[in-house]
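Only this structure's heavy atoms are used, side chains among them; waters, hydrogens and symmetry mates stay out.
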Amino acid sequence: MSYRNDILTVITSEIQEKIKVSRDYNSDIADCKRGIYTFQDCSIFPAVFFWNYRDEALGAFANQEERLLHIYIYGYVKINNLEDNDDIHNLASDIEYFLYNEFSLTGDTEVGDFIVYESGDNASGAMFEGEFTVKYYKDTLTH
């Protein structure tokens, strides 16, 4: 895969296609988009969002540049009571499992830290955030 936009498109489509309870995941992803969204922007849950915050050049050789696409991923679940906090842990685990095992670019993917923000007594939602990188090669002779 040669271009960052192609990689980001694959992430969206594969998360929506693969993370489903019918495929032995804990969650059915209701929404997955690229970009920055707040909990208030969500109308359906669980929701997963991501954006690339850095496209790191590692070096070029023979018209091929090795690059690392750094991606920030996060998600929200709706919370009705404190026992629902399990849902955000399940969602984060689903994303990690997908990246380690079922993502078509798993061999070029490195998963970093994940943080889970549980809901409190008066909150209506919970959040996770994480980071991962995808290594790819860019042809330096094309746009």
Engineer: For L69, is there any backbone N or O sitting under 3.5 Å from a side-chain donor or acceptor partner on T133?
Structural biologist: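 Such a contact is absent between T133 side chain and L69 backbone.
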Engineer: For a side chain to side chain contact (heavy atoms under 4.5 Å, CB included) check, start with the C-alpha distance between I71 and L8, then their side-chain angles and the critical distance, and finish with the verdict.
Structural biologist: CA-CA 9 Å; I71 299 167; L8 298 170; 4.1 Å; yes
Engineer: If you look at every heavy atom in S104 and E14, which pair is closest and at what distance?
Structural biologist: OG-OE2, 2.6 Å
Engineer: When you compare the side chain of F49 with that of D41, does any pair of heavy atoms fall below 4.5 Å?
Structural biologist: no
Engineer: Surrounding CG of D113 (heavy atoms of other residues, nucleotides or ligands, distance under 6.0 Å), is the total greater than 12?
Structural biologist: no
Engineer: Within the distance-only criterion (no hydrogens, no angle test), does the side chain of D94 pair as donor or acceptor with the backbone N or O of N26 below 3.5 angstrom?
Structural biologist: yes
Engineer: Using a 4.5 Å cut-off on heavy atoms from C-beta on, say whether the side chain of Y25 contacts that of E102.
Structural biologist: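 Yes, their side chains come closer than 4.5 Å.
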Engineer: Side chain of D84, backbone of N80: donor and acceptor closer than 3.5 Å?
Structural biologist: yes
Engineer: Could you grab the distance from atom CG of N90 to atom CG of N85, nearest 0.5 Å is fine?
Structural biologist: 11.0 Å
Engineer: Any idea which heavy atoms bring L91 and S27 closest together, and the distance?
Structural biologist: CA-OG, 3.7 Å
Engineer: Counting C-beta onward and ignoring hydrogens, is there a side-chain heavy-atom pair between F103 and V10 closer than 4.5 Å?
Structural biologist: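 With C-beta onward as the side chain, the pair touches.
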Engineer: Report whether I79 and I115 are members of the same hydrophobic cluster (ILVMFWY, side-chain heavy atoms less than 4.5 Å apart, transitive linking).
Structural biologist: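 No, it is not one cluster - the side chains of I79 and I115 are not joined through contacts under 4.5 Å.
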Engineer: Taking all atoms of both residues into account, what is the closest heavy-atom pair of G125 and S119, and its distance?
Structural biologist: O-CB, 3.6 Å
Engineer: Do I73 and V48 have side chains that get closer than 4.5 Å, going by heavy atoms?
Structural biologist: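 I73 reaches V48 side chain to side chain.
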Engineer: Please check: side-chain N/O of D87 versus main-chain N/O of V77, any donor-acceptor pairing under 3.5 Å?
Structural biologist: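 Between the backbone of V77 and the side chain of D87 there is no qualifying donor-acceptor contact (under 3.5 Å).
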Engineer: Can you tell if the side chain of I11 reaches within under 4.5 Å of the side chain of I7, non-hydrogen atoms only?
Structural biologist: yes
Engineer: CD of E110: more than 12 outside heavy atoms within 6.0 angstrom?
Structural biologist: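 Check fails, neighbour count at 12 or below.
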Engineer: Are L68 and Y100 linked, directly or through intermediate hydrophobic residues, by side-chain heavy-atom contacts shorter than 4.5 Å (ILVMFWY only)?
Structural biologist: no
Engineer: Between F39, F45, Y37, which is the residue that forms a ring-ring contact (aromatic ring centres under 6.0 Å, His included) with Y76?
Structural biologist: F39
Engineer: Out of curiosity, does I36 fall in the hydrophobic cluster containing Y53 (side-chain heavy atoms, cut-off under 4.5 Å, transitive links)?
Structural biologist: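 Yes; I36 is reachable from Y53 via cluster members.
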Engineer: Does the side chain of E129 reach to within under 4.5 Å of the side chain of Y117, using non-hydrogen atoms?
Structural biologist: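 They are in contact (side-chain heavy atoms under 4.5 Å apart), so the answer is yes.
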Engineer: Could you walk me through whether C32 and F50 pass the side chain to side chain contact (heavy atoms under 4.5 Å, CB included) check?
Structural biologist: CA-CA 8 Å; C32 179; F50 64 93; 4.1 Å; yes
Engineer: Restricting to pairs with a member in residues 49-68, which pass salt bridge (Lys or Arg N to Asp or Glu O under 4.0 Å), not counting sequence neighbours?
Structural biologist: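 Output for this query lists R4-D55, R54-E56, D55-R67, E65-R67, E66-K135.
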Engineer: Checking side chain to side chain contact (heavy atoms under 4.5 Å, CB included) for the pair Y74/I95: CA distance, chi angles, key distance, verdict?
Structural biologist: CA-CA 9 Å; Y74 60 105; I95 294 296; over 6 Å; no
Engineer: Report yes if the side chains of K20 and I29 come closer than 4.5 Å at any heavy-atom pair, otherwise no.
Structural biologist: no
Engineer: Output, in order, the C-alpha distance, side-chain angles, deciding distance and verdict of side chain to side chain contact (heavy atoms under 4.5 Å, CB included) for T140 and K138.
Structural biologist: CA-CA 6 Å; T140 62; K138 179 178 181 175; 5.5 Å; no
Engineer: Determine the minimum heavy-atom distance between C42 and A47, stating which atoms define it.
Structural biologist: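 Heavy-atom minimum between the residues: SG-CB, 3.9 Å.
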Engineer: Do you know the tightest heavy-atom contact between L105 and T109?
Structural biologist: O-OG1, 2.7 Å
Engineer: Once you round to the nearest 0.5 Å, how far does CZ of F132 lie from CG of L99?
Structural biologist: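 Interatomic distance, F132 CZ to L99 CG, rounded to 0.5 Å: 5.0 Å.
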Engineer: Do R34 and N5 come close enough that some side-chain heavy atom pair is under 4.5 Å?
Structural biologist: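 Counting from C-beta outward, R34 and N5 do come under 4.5 Å.
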Engineer: Around Y72, counting heavy atoms of other residues, nucleotides and ligands shown, do more than 12 lie under 6.0 Å from its OH?
Structural biologist: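 Yes, because the 6.0 Å sphere around OH of Y72 holds more than 12 heavy atoms from other groups.
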Engineer: Would you name the heavy atoms of R23 and K18 that are closest together and state the gap between them?
Structural biologist: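 In terms of heavy atoms, the two residues are closest at NH1-O, 3.0 Å.
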